[in-house]
2 protein chains.
Amino acid sequence: MNHNSSWDDLRYVLAVAEAGSVNAAAKQLGVNHATVLRRIAGFEDRHGVTLFERTARGTRVSPETRPLLEAARAVQSAVHGVERVLSGHDSALRGRVRVTSTDTIMQYVLPRLIGRFRKRAPEVFVDLVCTNAHLDLSRLDAEVTVRPALGLPKGLRGAAPARLGFAAYEPVGALPPAAGWIGLGGTLSRSVAGQWMADEVPPDRIVARSDSFVVACEMAAAGIGRVLLPCVVGDADQRLVRSPDRGTDISVDLWVASHADMADVPRIRAVREALIEGLAADRDRLAG
Amino acid sequence: MNHNSSWDDLRYVLAVAEAGSVNAAAKQLGVNHATVLRRIAGFEDRHGVTLFERTARGTRVSPETRPLLEAARAVQSAVHGVERVLSGHDSALRGRVRVTSTDTIMQYVLPRLIGRFRKRAPEVFVDLVCTNAHLDLSRLDAEVTVRPALGLPKGLRGAAPARLGFAAYEPVGALPPAAGWIGLGGTLSRSVAGQWMADEVPPDRIVARSDSFVVACEMAAAGIGRVLLPCVVGDADQRLVRSPDRGTDISVDLWVASHADMADVPRIRAVREALIEGLAADRDRLAG
DNA sequence: CAACTATATTGCGAAATCGCAGAGTTTTCA
DNA sequence: TGAAAACTCTGCGATTTCGCAATATAGTTG
């Protein structure tokens, strides 16, 4: 099973590959060369592979071993990271992490989560990048993205710890019976909420439009009309109530993701996990 | 020293941290709980740290241990990469790597190096992105960058395996004694070569201008005038010879770098190292 | 308060590992 | 061509480590 996985064997494999011979590797590792030989043989036996071509003038890596060596070097580099942490020169949770999200989430959800995270990792500088522009997750100009989406594109790693729920809202008090709707423009028109608007609300009922839920909320509060909002936005505004006759059950998965290549950089992983954990805790409020 | 560094100890540390107790970790690891206890104690002794707060209701990680755990998780993830390679499901040298460079280097230097690399790692798709726009290395829209620069900004990892040399060139045969120079425009005017032009060539001697060495080379070959070119460009063009009276010794370090966060992703590392190795082999040709 | 669960610690026999020395083989150099 | 220098491999004794079991302590829960 997994129990025979000995991380230490990788050290020996790497040493032999870099030193070019078992003897040199043994000297470099400070152990007897017989030990190196046995551990290499054990590793090869356990995994059923042949790593090296043993010649009398040294040990050469066979070509198909190269990917394994590269993966092992990644382990070595990560171990160096651990050693830096142990030596105190580096903290592994220090540096800048850019988080990108929509204006709505960034204004109503993230600040509290980031604040909570920074108490645990005060040396991580979180840089919020607000971009409503692209709805797809794949183009990243940040290390972590928080976005509503239908799925997780490959090449990214993350989770959808909550769903973002929507509801129709209108100003408190009497709204004229013939009051119209505030439409969703820009990239919001291609979102799930925009799709619902296109399906349910005739175009001639739309009396205004905004490409931002935050602005649309203000417009509704000013009495312009009804509006479809994320529940976190609408519920937080005392001037709005849910439209009684409009029971909607729209919701979208809210994804937290980062590049697969950088997903396990400690500080990036820490931010991502903290956001996932925080969103899961806010699950009910987000779903509405 | 480094000899007692046992990568396996990290497995035990991680298991205890995740399982929440020594017993659970021992069960998960398939070993006796005394072994876990001894290895944790040994790790703490060797490194002079206290990882866990031992309470009677479990083992809690002390707050200052969190960075170490995150670094250890990065090791775990890298080991998973090794296991994927061993299982044959993944090759660790597969995927896309974007390489960005200037038009000159991309045309005269990189193709051969990339071709040689792809024979060793045929599953790595190298995507060349030609951008003369930014001379500084720090803004990356690619995984690997190859650029002349004065130094390596922090946050990047790489090396300068060669220097890019420049020389003055003129068309073969008679050039009118009063022939002018082809100037360097655009971003090239702020490069080292552009600086030399500004210092050595009076503005009134400049009869034409280009923001690309490749185009400037063609202009010189067409008889328009002298031009300062990278030696790899000028020497490759049979229609040009070095200007005899213009002995220049301009050169700039040629850096190959990638984001520190992604520097040890196997396929990215492989591309970077291959380029560094290839440029070092071409050192003389590049220096001129 | 008692039962349960958790950790810390230690002694001892078994098992795995290591270091040492020596054998066998190929390359290199004089 | 022959000796020296590498290297890979393999027994054997010594050392280390591990598993097991037992003991003591403390917090949690019914």
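A quick note: this is a predicted structure, and the numbers were derived from the prediction, not measured. Below, read A as the first sequence line, B as the second, and so on, with proteins coming before strands; counting in each chain starts at 1.
Formation of a donor-acceptor pair under 3.5 Å by the B:T65 side chain with backbone atoms of B:L51 is found in this model. Formation of a donor-acceptor pair under 3.5 Å by the B:D264 side chain with backbone atoms of A:A74 is not found in this model. Side-chain N or O atoms of A:R267 include one that pairs as donor or acceptor with a backbone N or O of A:R96 at under 3.5 Å.
In this structure, B:T59 reaches the C:dT7 phosphate: one of its side-chain N or O atoms is under 4.0 Å from OP1 or OP2. For the pair B:N32 and D:dC18, the criterion of a side-chain N or O lying under 4.0 Å from OP1 or OP2 is not met. The shortest distance between the side-chain N/O atoms of B:S21 and the OP1/OP2 oxygens of C:dT7 is below 4.0 Å. A:N23 has a side-chain polar atom (N or O) that falls below the 4.0 Å cut-off from OP1 or OP2 of D:dC7. Between D:dC18 and B:T35, no contact under 4.0 Å exists linking OP1 or OP2 to a side-chain N or O. OP1 or OP2 of D:dC9 sits under 4.0 Å from a side-chain N or O of A:R54.
Sequence order on DNA chain C of the closest nucleotides to A:A34 and B:G20 puts B:G20 first from the 5' end. Comparing A:A56 and A:Y12 by the nucleotide of DNA chain C whose heavy atom lies nearest to each, the residue mapping closer to the 5' end is A:Y12.
Closest to the A:L37 side chain, of the nucleotides C:dA6, D:dT8, D:dC18, is D:dT8. Candidate nucleotides C:dT7, D:dC7, C:dG19 were compared by shortest atom distance to the side chain of B:V22, and C:dT7 ranks first. If you check C:dT27, C:dT7, C:dG19 against the side chain of A:R57, the one that comes closest is C:dT27.
Interface remark: the B:H33 side chain does not form any donor-acceptor pair with the D:dC18 base, using a distance-only criterion of under 3.5 Å.
Using a 4.5 Å heavy-atom threshold, the side chains of B:D8 and B:R39 count as touching. Within the 4.5 Å cutoff, side-chain heavy atoms of A:L86 are placed close to those of B:F43.
Look at CZ on A:R60: it is 18 Å from P on D:dA6, rounded to the nearest Å.
Across all strands, B:R39 comes closer than 4.0 Å only to sugar-phosphate atoms, never to a base (heavy-atom distances).
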